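Values below: every heavy atom of this structure, side chains too, minus hydrogens, waters and symmetry copies. Owing to the predicted nature of the structure, the values given are computational and were not obtained by experimental measurement. Chain naming here is simple, since letters A, B, ... match the order of the sequence lines and numbering starts at 1 in each.
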Amino acid sequence: MTTTTKPLILVDGSSYLFRAFYVPNLRVLTNSRGEPTGAMHGVLNMLDKLRKDYEPDLMAVVFDASGKTFRDDLYPNYKANRPPMPDELRSQFEPLLEIIRAQGYPLLMVAGVEADDVIGTLASEHQGAVLISTSDKDMAQLVDERVHLINTMSNTYADPAGIIEKFGVRPDQIRDYLALMGDTVDNVPGVEKVGPKTAAKWISEYGSLENIMANAEKFGGKVGENLRAALTHLPLSYQLVTIKCDVQLELDPDDLKLAAPNNEKLRELYTRYEFSTRLRSLGKETTLAAKKPLADPFEMFDEIEPLEKTTIASSKVDYQTIFTQEALEHWLKLIREAGEFSFDTETTSLNYMEAEIVGVSFAIQAGKAAYLPLAHNYLGAPPQLNREATLAFLKPYLEDEALHKIGQNLKYDRNVLLNHGIELQGLAHDTMLESYVLDSNEEHGMDSLCEKHLHHTTIHFEDIAGKGKKQLTFNQVGIEQASTYAAEDADMTLRLHQYFWPQLQALDDQRKLYQSLEMPLIRVLSTMERTGVKIDAKLLAQQSQELEQRLSEMNKQAYALAGQAFNLNSPKQLQEILFDKLGLPIVQKTSTGQASTDVNVLEELADQGHELPKLLLEYRSLSKLKSTYTDKLPEQINPNTGRVHTSYQQTGAATGRLSSTDPNLQNIPIRSEEGRRIRRAFIAEPGYKLLALDYSQIELRIMAHLSGDKGLLDAFAQGKDIHRATAVEVFNTPLDKLTNDQRRAAKAINFGLIYGMSAFGLARQLGIDRSEAQLYVNLYFARYPDVKAYMERTREQAQAQAYVETLFGRRLFLPEIRARNAQRRQAAERAAINAPMQGTAADIIKMAMISVDTWLRSHKSGARMILQVHDELVFEVPEAELDETRQVITELMVHAATLSVPLLVESGVGENWEEAH
DNA sequence: TGCTTCACG
DNA sequence: GACGTACGTGAAGCAG
């Protein structure tokens with residue numbers, strides 16, 4: 001093994017401890033005993049970040065030792081102006097050191113010198129790259145091509161060029177520069193009235209302190225006099241600011257390896273100081289560590305990211321709180337002038353149907369933001385502008401199409417504003433969607449985006465509202481904290497937009513998808529969500545009862561068969577009964593090595609003639625229906641609308657699909673007769689009917705288009721049953737002689753193709769042996785040679801560029817396509833085959849939704865779009881409008897995209913969703 | 001919280 | 001030569 005090129009990381013613990021202590025949001029943190037813990041949190045988070053970002057092999061955390069240093073001997077007044085360490089900080093010092101040690105970091109404190117000197121010495125002794133993490137500008141003197149600085153609190157990174165940019169002098173001139181300025185806090189005398197500007201100017205003119213002193217008589221004016229007066233003590237100042245790089249250390253930089261954490265000690269310390277998140281992740285890490293040897297040891301090198309510079313100086317922000325009408329009007333004037341602003345609503349709930357606005361924040365340029373509190377109502381909350389009156393005042397701004405809004409997840413803000421009668425217009429940009437279109441694999445939440453792209457750790461909601469049962473709603477959060485949090489959200493949204501937008505503009509397809517598809521979809525989805533779907537709660541309750549009876553009977557039967565009582569819902573207990581007690585054979589194991597009891601296994605065992613597995617299969621499916629659907633759906637009915645309102649996640653699926661949550665209305669049963677009954681509870685208002693339209697075989701049609709395979713294109717052009725057509729080809733049998741099994745096999749092949757199948761998978765699906773499955777696959781590819789070529793092309797493309805694209809250029813990155821681990825690589829290859837088809841289908845139905853929505857609105861239609869299920873749209877339509885609506889929407893869906901195969905849309909109408917299908 | 005299972009396209 | 005083996009989701013229940 002060669003040594004890695006990872007930098008040695010040296011952390012100036014003392015400088016961070018002081019800085020963290022004075023951060024307002026950290027200042028207030030204590031445990032339940034009232035012991036302050038904020039500075040500890042601050043330092044530890046910073047260490048986490050470094051460790052995560054750089055995965056260092058060598059690292060040290062250095063603190064000042066107590067007692068006098070050689071500088072005190074040089075100059076008795078050194079640091080004499082420093083106030084004593086506050087008690088609230090002092091009390092955090094020792095425990096912090098203990099935690100750092102227990103976490104496994106080498107920790108250094110050397111008597112007689114300062115942390116800076118230890119760091120300087122280690123940096124100069126180390127052979128390879130060094131990264132010094134500090135918030136102390138004095139360290140700039142250590143920078144060269146090999147040694148760089150990072151300030152983990154302000155997210156700034158500095159190499160020699162960075163130092164010149166920041167200070168206006170080279171790293172080797174920093175000592176001269178510091179000596180000229182002096183330091184009032186440390187009581188280092190400099191030249192009176194010489195600050196950063198003058199010092200940099202003199203140094204650039206004269207090159208060095210020595211030369212400046214030699215030419216002291218040439219400096220005119222008051223500062224010239226001051227310089228001459230300082231001549232005697234400047235050498236001393238120079239000595240004081242010079243970091244000592246030859247401290248006698250009893251160790252070598254190569255000794256600074258991270259040790260394994262002492263989890264027992266950490267558990268004790270985290271418990272004592274109530275670091276609950278760390279306590280939780282402690283359990284996680286131990287299991288991870290236990291699994292580690294299994295992982296491919298080279299895998300981790302694949303994902304090391306290059307160091308990045310950043311441009312945010314997060315210390316320089318101007319966040320204001322708006323309490324008066326005058327202040328509000330002042331800000332609105334600024335917003336008007338800017339023509340574009342980011343904004344964010346703060347509310348009482350994540351549920352958009354229940355949420356009420358508590359406040360609104362805006363940002364008009366990076367770092368300049370304001371929070372307008374409107375409904376904080378905790379005891380002692382300061383008076384605020386009246387919510388309803390102020391929202392009425394804001395309404396024309398928010399509804400002004402020409403005033404461009406930038407947000408993070410604007411769909412939510414739009415929904416919430418509608419609760420107050422405001423229909424947000426001028427939706428210009430949504431950073432969540434920008435991130436999604438650029439790389440759908442990322443997390444697109446505010447916190448992750450800031451962390452990743454701005455290298456800034458935002459204030460998390462939990463930081464100000466707490467968590468768990470005691471979590472406050474936003475109206476109970478103190479305005480001061482709320483204000484920083486909310487203003488930061490708006491500020492970060494704007495900065496993220498400034499970061500993403502140029503990237504999107506550089507990629508034509510991405511920009512188009514974002515501007516013409518994802519952005520317009522916000523309003524469509526928001527409308528669907530708020531419309532909701534009517535549910536027959538009584539019918540579901542009745543079904544629940546029936547299920548309950550059947551389940552309890554089956555329970556008894558199962559106990560009899562097993563010879564004992566057990567929990568049928570517990571895979572673990574079931575496993576004991578089946579395999580230990582009854583001695584049935586273990587068919588398959590789960591990924592963690594447990595004996596699996598999933599459908600495949602139970603079916604296999606049932607086929608062998610065992611009664612209990614057969615019973616369990618039915619029990620499982622009924623129990624699922626009851627708990628997930630018949631019991632839960634009625635609970636999710638909104639009391640005001642009498643309907644169920646799902647949330648569509650526009651950034652939920654990496655392929656471009658939507659997903660649906662709370663509740664998930666995209667997985668309502670249909671495959672089994674029992675399950676289908678649940679669809680009968682999805683009903684229309686009186687006078688309305690449900691209209692369901694779905695794309696027939698859309699992914700296979702897309703495969704035909706993308707591959708250009710003549711056989712497949714012809715089959716679709718002639719409107720053939722595609723599975724039969726495939727069966728005719730593969731089994732070389734005339735259409736009228738086909739058996740049902742042959743069609744079934746052809747269907748499995750067609751689906752398998754979309755999923756990037758292997759012969760093994762097909763064999764298992766069809767219950768045939770592998771060689772037979774392989775034969776089918778070979779026959780298929782012989783008949784449809786361009787499909788084979790297309791699959792190969794896609795694999796090559798994925799391999800070459802590490803992403804694949806839909807017909808419209810939507811990208812899916814496949815980071816694992818070059819993984820050394822074959823299993824993971826092959827999984828990525830299958831995803832590469834599937835994504836262009838699944839993703840193109842998703843793009844097409846999104847286009848259809850937008851055009852349908854446009855038509856519905858422009859024709860003042862009484863019909864409303866209520867559900868999207870990947871290739872299906874469901875509408876609630878006034879009976880009088882049924883025929884026209886059905887015909888027009890079919891047309892719009894069919895023509896949503898033009899492929900080299902026709903798109904076919906099938907539709908149905910009914911009193912409920914089952915009937916409409 | 002992680003795992004397992006199962007509902008959908 | 002062995003291993004694992006079809007894509008994409010969300011939710012519920014159990015167990016620790």
Note to self: Just the rounded figure in Å: distance from P of B/dC6 to CG of A/L574.
What the structure shows: 10 Å
Item checked: Protein proximity profile, nucleotides 11-16 of chain C - base contact B, sugar-phosphate-only contact S, no contact -, cut-off 4.0 Å on heavy atoms -> BSSSSS
Next item on the list: Taking atom types as modelled, find out whether A/N555 and A/Y559 have a side-chain donor-acceptor pair closer than 3.5 angstrom.
Entry: yes
Margin query: Tell me the interatomic distance from A/R824, atom CZ, to C/dC3, atom C1', rounded to whole angstroms.
Written below: 15 Å
Notebook entry, point to check: Say you pick atom P in B/dC3 and the same atom in C/dT5; how far apart are they, in whole Å?
Noted result: 16 Å
Check: What distance, rounded to whole Å, do you find between the two P atoms, one in C/dC3 and one in B/dC8?
Finding: 34 Å
Next item on the list: Consider the side chain of A/F760, meaning its heavy atoms from C-beta on, and name the nucleotide among C/dT5, C/dA6, C/dT9 that approaches it most closely.
Entry: C/dT5
Next item on the list: Name the nucleic acid region contacted by A/I668, choosing base, sugar-phosphate or nothing; use a 4.0 angstrom heavy-atom cut-off, strictly under.
Entry: sugar-phosphate
Check: For A/A748, which contact category applies under a 4.0 Å heavy-atom criterion: base, sugar-phosphate, or nothing?
Finding: base
Note to self: Salt bridge or not between A/K846 and A/D843? Use side-chain N to carboxylate O under 4.0 Å.
What the structure shows: no
Note to self: Rounding to an integer number of angstrom, what distance separates B/dT4 and C/dG4 when you compare their P atoms?
What the structure shows: 15 Å
Check: When we call it a touch if two heavy atoms are under 4.0 Å apart, what does A/Y629 touch: a base, just sugar-phosphate, or nothing?
Finding: sugar-phosphate
Notebook entry, point to check: When the distance from CG of A/D598 to C1' of C/dA6 is rounded to whole Å, what number comes out?
Noted result: 15 Å
Notebook entry, point to check: Only one of A/E442, A/E518, A/E443, A/H444 forms a side chain to side chain contact (heavy atoms under 4.5 Å, CB included) with A/T651, so which one is it?
Noted result: A/H444
Checklist line | B/dC6 OP1/OP2 closer than 4.0 Å to side-chain N/O of A/R620 | finding: yes
Next item on the list: Ignoring the backbone of A/R830, work out which of B/dC8, C/dT5, C/dG8 is nearest its side chain.
Entry: C/dT5
Next item on the list: Using atom CZ of A/R677 as one end and atom C1' of B/dC8 as the other, report the distance to the nearest whole Å.
Entry: 19 Å
Item checked: Nearest-angstrom distance from the residue atom CG of A/N600 to P of C/dG4 -> 16 Å
Margin query: Under 3.5 Å for both donor-acceptor distances, Watson-Crick or wobble: does C/dC3 have a partner, and if so which one?
Written below: none
Notebook entry, point to check: Checking A/Y780 side chain against A/E729 main chain: does a donor-acceptor pair fall under 3.5 Å?
Noted result: no
Next item on the list: Taking all heavy atoms of A/E529 and all of A/Y648, pick out the closest pair and write down the distance.
Entry: OE2-N, 2.7 Å
Next item on the list: Would you indicate what A/Q765 reaches in the nucleic acid, counting non-hydrogen atoms under 4.0 angstrom: base, sugar-phosphate, or nothing?
Entry: base
Note to self: What contact category does A/R764 fall into here, base, sugar-phosphate, or nothing, at under 4.0 angstrom with non-hydrogen atoms?
What the structure shows: sugar-phosphate
Check: Between A/K624 and A/E674, is there a salt bridge with N-O shorter than 4.0 Å?
Finding: no
Note to self: What is the distance, to the nearest angstrom, from the CG atom on A/L867 to the P atom on B/dG9?
What the structure shows: 13 Å
Check: Hey, does the side-chain of A/Q823 have a donor or acceptor N/O within less than 3.5 Å of a partner on the base of C/dC3?
Finding: no
Margin query: Salt bridge or not between A/E548 and A/K626? Use side-chain N to carboxylate O under 4.0 Å.
Written below: yes
Next item on the list: Take the protein atom CZ of A/F751 and the nucleotide atom C1' of C/dC7, then report the distance between them rounded to whole Å.
Entry: 11 Å
Check: Base, sugar-phosphate, or nothing: which does A/R770 touch, judged by heavy atoms less than 4.0 Å apart?
Finding: base
Checklist line | Qualifying residues under side chain to side chain donor-acceptor pair (under 3.5 Å), relative to A/Q636, sequence neighbours excluded | finding: none
Next item on the list: Select one nucleotide: of B/dA7, B/dT5, C/dT9, the one nearest the side-chain heavy atoms of A/S596.
Entry: B/dT5
Check: Under 4.0 angstrom, heavy atoms only, what part of the nucleic acid is A/A654 near: base, sugar-phosphate, or nothing?
Finding: sugar-phosphate
Notebook entry, point to check: With respect to the side chain of A/P669, which nucleotide from C/dG8, B/dC6, B/dC8 is positioned closest?
Noted result: B/dC8
Checklist line | Proximal nucleotide (of C/dG4, B/dG9, C/dT9) relative to the A/Q826 side chain | finding: C/dG4
Notebook entry, point to check: Roughly how many Å is it from CG in A/L616 to C1' in B/dT5, rounded to a whole number?
Noted result: 13 Å
Next item on the list: Under 4.0 Å between any heavy atoms, over every strand shown, what does A/I670 touch: base, sugar-phosphate, or nothing? Just pick one.
Entry: sugar-phosphate
Next item on the list: Considering just the side-chain nitrogens and oxygens of A/R671, establish if one lies under 4.0 Å of OP1 or OP2 belonging to B/dG9.
Entry: yes
Margin query: Taking the P atom in each of B/dC6 and C/dA2, what is the distance between them to the nearest angstrom?
Written below: 32 Å
Note to self: Would you say A/N415 and A/S526 are linked by a side-chain donor-acceptor pair, where the criterion is simply a distance under 3.5 Å?
What the structure shows: yes
